[in-house]
Amino acid sequence: MANEIANNFQEIISHCKEYGYIFQSSELYDGLSAVYDYGQMGAQLKKNLRDEWWKSMTQLNDNIVGIDAAIFMHPTVWKASGHVDNFSDPMIDNKDSNKRYRVDHLIEAHAETLEKAAADALLAEMDQLLAKDDYAGLKKLIEDNKIKCAISKTSNWTDVRQFNLMFSTEFGAVAAENEGDNIVYLRPETAQGIFVNFLNVQKTGRMKIPFGIAQTGKAFRNEIVARQFIFRMREFEQMEMQFFVRPGTQMEWYNYWKETRKKWHESIGIPAERLRFHDHIKLAHYADAALDIEFEFPFGWKELEGIHSRTDFDLSQHAKYSKKKIQYFDNDLNEEGKPYGNYIPYVVETSVGLDRLFLTVISLAYAEEKWTKEDGTEDSRVVLRIPAKIAPTKLAILPLLKKDGLPEIARELMDQCKPHFHCFYEEKDAIGKRYRRMDAIGTPFCVTIDHQTKEDNTVTIRYRDTMTQERIPISAVKNLVQEKING
RNA sequence: GCGGAAGUAGCUCAUUUGGUAGAGCGAUAGCCUUCCAAGCUAUAGGUGGCCGGUUCGAGCCCGGUCUUCCGCUCCA
């Protein structure tokens with residue numbers, strides 16, 4: 001069974017490439033690890049998913065607004081958020097146990113087993129090497145002292161390496177006087193762009209708590225292990241909504257968004273039984289509750305969206321580091337009939353990986369089908385059963401023959417429909433072959449113009465999912481497809 | 001990161017001990033064709049992932065490297 005699913009995953013990956021959904025980045029140059037490009041079909045599907053999310057947040061909730069913050073942010077943002085400190089330590093792995101250690105912890109632990117003078121000398125040398133970022137020297141120090149892994153009891157170590165989970169680049173064209181002075185990071189999450197704009201949005205939008213700020217955009221993480229196609233990439237897109245609430249009410253909203261978000265996934269065609277909640281036992285430093293909405297991917301249950309109750313951690317940190325007050329005056333009356341007054345709002349975060357959502361939709365849509373035709377011969381197709389609402393191309397317009405005036409009628413219908421939804425025109429090859437091609441890219445509706453059209457202005461509409469077809473007036477095509485997309 | 005497997009045309013694969021690479025499908029152009037990939041003709045497409053070594057000669061042997069998948073590990 002595990003094998004079967006894995007094979008299916010391979011086929012999905014191949015299909016994505018073959019039909020213009022996803023290509024590996026820089027494939028011409030052998031590719032760049034864990035970076036992918038969306039092709040002509042994929043970019044449209046991804047945009048449709050993003051639009052659907054954006055609408056569900058900012059259009060259907062009158063207390064949620066959207067922003068688009070820059071990828072570059074002031075370096076102090078990442079000090080305040082805790083990202084810099086948590087990932088600046090040199091690490092070393094034991095090759096036998098595969099256990100990873102912080103180099104300073106490993107050496108300090110060893111020092112405790114030594115006499116005081118020896119220990120002090122060792123630690124002094126370590127500090128010196130750490131200050132110089134001398135990783136080769138640190139490794140030599142570990143080897144010279146015959147420091148062993150607590151698990152494998154061996155000294156089979158990798159080189160000392162620094163794990164920088166954030167990508168950095170230089171800001172400004174002129175080199176800095178002091179090295180490192182002009183380093184900026186590519187944001188490792190979009191959330192901070194919302195937090196640092198909290199006051200701007202709240203004041204200019206006259207927002208009243210509870211309210212939310214939504215944002216979609218790229219984020220960048222130097223994952224140590226990035227794999228499984230587009231599931232874990234180094235450059236990826238998040239769709240986040242931070243919901244600001246009165247302290248004490250966060251669990252109520254946490255539960256509200258937990259249910260609301262799951263229902264949203266179901267609304268774009270993800271079956272409820274392929275979704276589940278997974279509560280975090282070990283909480284991150286900023287959270288007082290956290291869970292994942294998981295989807296059953298071809299390679300198992302994995303996180304699709306995170307719901308976190310982030311408390312007032314982020315806003316407090318930014319208040320502290322910026323030395324500016326970040327608070328909200330709540331005029332609503334409490335039980336004693338007095339305003340709630342000033343406070344730092346609590347935050348409930350919903351954060352979906354757009355690429356993961358894409359992979360979810362594709363995994364669900366992909367199907368290989370076989371059946372026996374009326375004459376007893378076998379037939380088959382590969383079809384992407386993408387819900388019409390999010391399918392990249394909605395309608396294919398196909399003249400049965402490329403003569404007798406049929407293409408002209410088809411072109412007219414094309415002009416009539418294309419302002420309203422994405423259409424595809426094709427007159428080459430036999431009609432059956434064209435249907436198969438449309439199945440493979442997931443086009444939900446095909447309309448065929450034949451000789452009868454010239455007589456009674458009717459066309460055949462063919463449905464991807466059932467492969468059935470019916471005769472309808474050509475004038476009804478646009479509205480019918482529009483209804484199916486919206487419905 | 002560790003271990004395993006793999007990389008030949010857009011896709012799926014072949015090339016039996018090393019002798020200058022082939023098929024099917026697909027694609028393109030045209031013909032034929034009145035509704036579910038299968039008719040006819042022609043054409044394009046590969047420095048065998050990349051670099052190096054052994055050899056008279058390497059897709060095949062050896063080393064390195066890049067990329068992908070699987071298991072473990074990691075994931076603020």
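To find a chain, count down the sequence lines: A is the first, B the second, and so on, and within it residues start at 1. In this text, all values refer to a predicted model and were calculated from it rather than measured experimentally.
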Side chain of A:Arg436 (C-beta onward), nearest among B:C36, B:U34, B:U12: B:C36
What's the verdict on side chain to side chain donor-acceptor pair (under 3.5 Å) for A:Arg261 and A:Thr350, showing C-alpha distance, side-chain angles and the deciding distance? CA-CA 8 Å; A:Arg261 291 303 306 150; A:Thr350 74; 4.5 Å; no
Would you kindly give the CG-to-P distance between A:Leu28 and B:G7, to the nearest whole Å? 21 Å
Interatomic distance where CZ belongs to A:Arg232 and P belongs to B:C75 [whole Å]: 10 Å
Going by side-chain contact (heavy atoms from CB on, under 4.5 Å), A:Ile362 matches just one of A:Ile22, A:Ile12, A:Ile13. Which one? A:Ile12
Let's test your reading of the pairing rules: Watson-Crick or G-U wobble, both distances under 3.5 Å, then write RNA chain B as a dot-bracket string with ( ), [ ], | and dots. (((((((..((((.....[..)))).(((((.......))))).....(((((..]....))))))))))))....
Examine A:His15 together with A:Tyr366 and report whether their ring centres are nearer than 6.0 Å. yes
Contact class for A:Leu398 vs. all strands (heavy atom < 4.0 Å): base, sugar-phosphate, or nothing? nothing
Under 3.5 Å, is there any donor-acceptor pair linking the side chain of A:Arg462 to the base of B:C36? yes
Please state whether the phosphate of B:G10, meaning OP1 or OP2, lies under 4.0 angstrom from any side-chain nitrogen or oxygen of A:Lys17. no
Taking B:A6 as the reference, what is the distance to B:U47 when you measure between their C1' atoms (whole Å, please)? 22 Å
Please report the distance separating the C1' of B:U20 from the corresponding atom of B:A38, rounded so that it comes out in whole Å. 36 Å
Is there a donor and acceptor pair closer than 3.5 Å between the side chain of A:Arg221 and the base of B:C75? no
Protein-nucleotide distance (A:Leu400, atom CG; B:U33, atom P), rounded to Å: 12 Å
Within this structure, what is the CD-to-P distance between A:Glu27 and B:G7, rounded to whole angstrom? 16 Å
Nearest to the side chain of A:Met467 - B:C11, B:C36, B:C35? B:C36
Using ring centroids (six-membered ring only for Trp), state whether A:Phe297 and A:Phe299 fall under 6.0 Å. yes
If we take the P atom in both B:C60 and B:G53, what is their distance in whole Å? 14 Å
A:Glu426 and A:Arg434 ion-paired at < 4.0 Å: no
Let me know the distance between CG of A:Asn222 and P of B:G1, rounded to the nearest Å. 11 Å
Donor-acceptor side-chain pairing of A:Asp288 and A:Ser309 below 3.5 angstrom: yes
How does each nucleotide of nucleotides 25-32 of chain B score, in 5' to 3' order, for protein heavy atoms under 4.0 Å: base (B), sugar-phosphate only (S), or none (-)? -SSSS---
Is it the case that A:Arg221 places NZ or CZ above or below the six-membered ring of A:Phe236, under 6.0 angstrom from the centre and within 45 degrees of the axis? no
Which is it for A:Gln469 and A:Thr460 under the side chain to side chain donor-acceptor pair (under 3.5 Å) test, yes or no, and what are the steps along the way? CA-CA 6 Å; A:Gln469 45 193 39; A:Thr460 306; 5.4 Å; no
Between B:C35 and A:Thr460, counting only base atoms on the nucleotide and side-chain atoms on the residue, is there a donor-acceptor pair under 3.5 Å? yes
Given the P atoms of B:A27 and B:G10, what is the spacing between them in whole Å? 14 Å
Would you mind reading off the distance between A:Glu427 atom CD and B:C35 atom C1', rounded to a whole angstrom? 17 Å
Cation-pi check for A:Phe295 against A:Lys302: NZ or CZ below 6.0 Å from the six-membered ring centre and within 45 degrees of the axis, yes or no? no
Check the pair A:Tyr21 / A:Gln40 against side chain to side chain donor-acceptor pair (under 3.5 Å), numbers first and verdict last. CA-CA 6 Å; A:Tyr21 274 86; A:Gln40 66 278 15; over 6 Å; no
Give me, pair by pair, the N or O atoms of the protein and of nucleotides 65-68 of chain B that are less than 3.5 Å apart, along with how far apart they are.
from  : atom 1 : to      : atom 2 : distance (Å)
B:U67 : OP1    : A:Ser33 : N      : 3.3
B:U67 : O4'    : A:Asp30 : O      : 3.3
B:U67 : O3'    : A:Gln24 : NE2    : 2.7
B:U67 : O2'    : A:Gln24 : OE1    : 3.3
B:U68 : OP1    : A:Gln24 : NE2    : 3.3
B:U68 : OP1    : A:Ala34 : N      : 2.9
B:U68 : OP2    : A:Ser33 : OG     : 3.3

Of A:Gln452 and A:Arg434, whose closest RNA chain B nucleotide lies nearer the 5' terminus? A:Gln452
Could you check whether A:Lys484 makes a cation-pi contact with A:Phe445, meaning its NZ or CZ is under 6.0 Å from the centre of the six-membered ring and within 45° of the ring axis? no
Give a yes/no verdict on a cation-pi contact between A:Arg234 and A:Phe167, requiring under 6.0 Å between NZ or CZ and the six-membered ring centre and an angle within 45° of the axis. no
Length of the NE2-C1' vector between A:His15 and B:A37, whole Å: 14 Å
Below 6.0 angstrom between ring centroids: does that apply to A:Phe198 and A:Phe244? yes
In whole Å, what separates the P atom of B:G63 from that of B:G71? 27 Å
Specify the separation, in whole Å, of atom CD1 of A:Ile22 and atom C1' of B:G10. 17 Å
How far, in whole Å, is B:A23 from B:U65 if one measures between their P atoms? 37 Å
Touch check for A:Asp379, heavy atoms < 4.0 angstrom, all strands: base, sugar-phosphate only, or nothing? base
Would A:Arg462 count as a cation-pi partner of A:Tyr435, with NZ or CZ less than 6.0 Å from the six-membered ring centre and within 45° of the ring normal? yes
For atom P, what is the distance between B:A58 and B:G19, given to the nearest Å? 11 Å
Expressed as a whole number of Å, how far does the P atom of B:U8 sit from that of B:A14? 11 Å
